[in-house]
Amino acid sequence: MEKEKIERIYRQYYPQMYRLAKMMLYDTEESRDVVSEVFARLLKGGIFPSEEKLEGYLMTSVRNRCHDVISHKTVQERVHALFLAEQREDPPVSFPYEDLLERLHLFVYERLSPLSQRIFRLRFLEQMTYQEIAEETGVSRVTVYHHLAQTLRNLQEHFNHP
């Protein structure tokens with residue numbers, strides 16, 4: 001593949017690939033590494049999907065690589081990293097709620113699909129509207145609603161029956 005085409009693909013898709021990795025890993029360096037690995041593997045293989053399938057292929061590759069990275073971390077490492085990320089972004093959580101916050105993080109990252117996790121974060125952490133979430137994730141507003149409704153039902157059931 002010619003150098004200009006590879007550079008165009010890199011410039012075009014890198015930002016959204018990085019955002020996906022960052023949303024899944026909450027780590028800047030790991031996210032950059034994941035995207036770089038996906039491009040390196042793509043270049044090494046020398047086989048590129050067609051233009052119509054390229055974005056889906058790249059995003060799926062990033063998602064799968066992020067799942068590999070996450071599966072190699074222990075639950076404790078993930079909770080610790082998420083808690084530190086929350087502390088940097090928000091004021092400190094008062095002591096009585098630390099256990100509840102930890103249980104919520106574990107529930108979200110162990111029991112929700114990647115799409116449900118992303119929709120949950122966009123709605124409740126980024127405070128995006130259903131329409132904004134639909135545009136960001138590439139699904140319909142109805143799908144966003146269904147994912148959030150199911151997530152909230154699961155959360156309610158989980159926390160009412162510990």
Side-chain angles (χ1 to χ4, degrees), residues 1-90 101-141 143-144 146-148 150-151 154-155:
M1 180 173 259
E2 58 202 44
K3 183 179 177 180
E4 293 82 25
K5 187 171 184 180
I6 293 170
E7 287 176 0
R8 180 190 58 78
I9 291 170
Y10 183 84
R11 283 191 305 274
Q12 181 178 355
Y13 294 106
Y14 182 88
Q16 66 194 71
M17 293 169 69
Y18 172 76
R19 278 194 306 272
L20 174 61
K22 179 80 175 182
M23 277 197 262
M24 292 182 73
L25 300 174
Y26 285 100
D27 185 287
T28 302
E29 292 304 314
E30 276 186 338
S31 300
R32 287 180 184 148
D33 289 346
V34 162
V35 175
S36 294
E37 288 174 23
V38 168
F39 275 108
R41 240 186 277 136
L42 189 64
L43 290 171
K44 185 178 181 180
I47 301 172
F48 283 75
S50 64
E51 252 335 286
E52 310 83 54
K53 297 180 180 181
L54 185 59
E55 180 178 5
Y57 175 83
L58 293 172
M59 299 304 282
T60 300
S61 296
V62 167
R63 187 194 68 213
N64 291 342
R65 183 63 191 122
C66 286
H67 282 293
D68 291 344
V69 169
I70 290 169
S71 70
H72 287 90
K73 290 183 175 185
T74 65
V75 172
Q76 184 179 11
E77 288 172 326
R78 286 187 278 165
V79 169
H80 181 68
L82 290 170
F83 184 73
L84 290 177
E86 286 289 322
Q87 281 186 325
R88 284 190 300 263
E89 295 173 5
D90 296 326
L101 181 62
E102 183 175 316
R103 287 177 52 214
L104 176 62
H105 281 300
L106 286 172
F107 176 84
V108 168
Y109 294 101
E110 289 181 348
R111 299 216 181 155
L112 297 182
S113 70
L115 180 59
S116 291
Q117 289 178 28
R118 185 172 182 205
I119 290 171
F120 183 81
R121 279 194 308 273
L122 292 173
R123 179 69 181 131
F124 295 107
L125 296 178
E126 303 294 324
Q127 299 181 346
M128 294 172 76
T129 66
Y130 284 30
Q131 183 62 42
E132 291 169 332
I133 296 169
E135 291 169 5
E136 177 75 20
T137 58
V139 299
S140 70
R141 283 189 349 211
T143 300
V144 170
H146 286 298
H147 276 270
L148 285 172
Q150 182 64 42
T151 296
N154 289 342
L155 277 169

Non-neighbouring partners of Thr60 that pass side-chain hydrogen bond (donor to acceptor under 3.5 Å, both in side chains), sequence neighbours left out: none
Backbone N/O of Leu112 and side chain of Ser116: donor-acceptor pair under 3.5 Å: no
pair Asn154-Arg111: side-chain heavy atoms closer than 4.5 Å: no
Beyond-backbone contact of Glu126 with Glu136, side-chain heavy atoms, under 4.5 angstrom: no
Results of salt bridge (charged side-chain N to carboxylate O under 4.0 Å, His left out) for Glu37 - residues two or more places apart only: Arg65
Listed partners of Ser61 passing side-chain hydrogen bond (donor to acceptor under 3.5 Å, both in side chains), at least two apart: none
Approximate separation, where rounding is to 0.5 Å, of Leu58 CG and Lys53 NZ: 14.0 Å
OG on Ser113 to CZ on Arg118, rounded to 0.5 Å: 11.5 Å
Considering all heavy atoms, the nearest Cys66-Ala21 contact: SG-CA, 3.6 Å
Check: Arg123 and Tyr130 side chains under 4.5 Å, non-hydrogen atoms: yes
Under the side-chain hydrogen bond (donor to acceptor under 3.5 Å, both in side chains) test, residues paired with Arg63 that sit two or more places apart: none
Qualifying residues under side-chain hydrogen bond (donor to acceptor under 3.5 Å, both in side chains), relative to Asn64, sequence neighbours excluded: none
Salt-bridge criterion met for Lys22 and Glu30 (N-O under 4.0 Å): no
Asp27 side, atom CG; Arg32 side, atom CZ - distance, nearest 0.5 Å: 9.5 Å
Interatomic spacing from CG in Leu122 to CE in Met128 - rounded to 0.5 Å: 5.0 Å
Test item: Arg141 side-chain N/O and Ile133 main-chain N/O as donor-acceptor pair under 3.5 Å: no
Sub-4.5 Å side-chain heavy-atom contact between Arg121 and Met23: yes
Smallest separation among heavy atoms of Val62 and Val34, with atom names: O-CG1, 4.0 Å
Distance-only donor-acceptor pairs under 3.5 Å for side chains of residues 9-19, two or more places apart:
unit_1	atom_1	unit_2	atom_2	d
Gln12	OE1	Arg8	NH1	2.9
Gln16	NE2	Glu55	OE2	2.6

Flag, side chain of Glu132 to backbone of Thr129, donor-acceptor distance under 3.5 Å: yes
Shortest non-hydrogen separation from Thr151 to Phe120 and the atoms involved: CG2-CD1, 3.7 Å
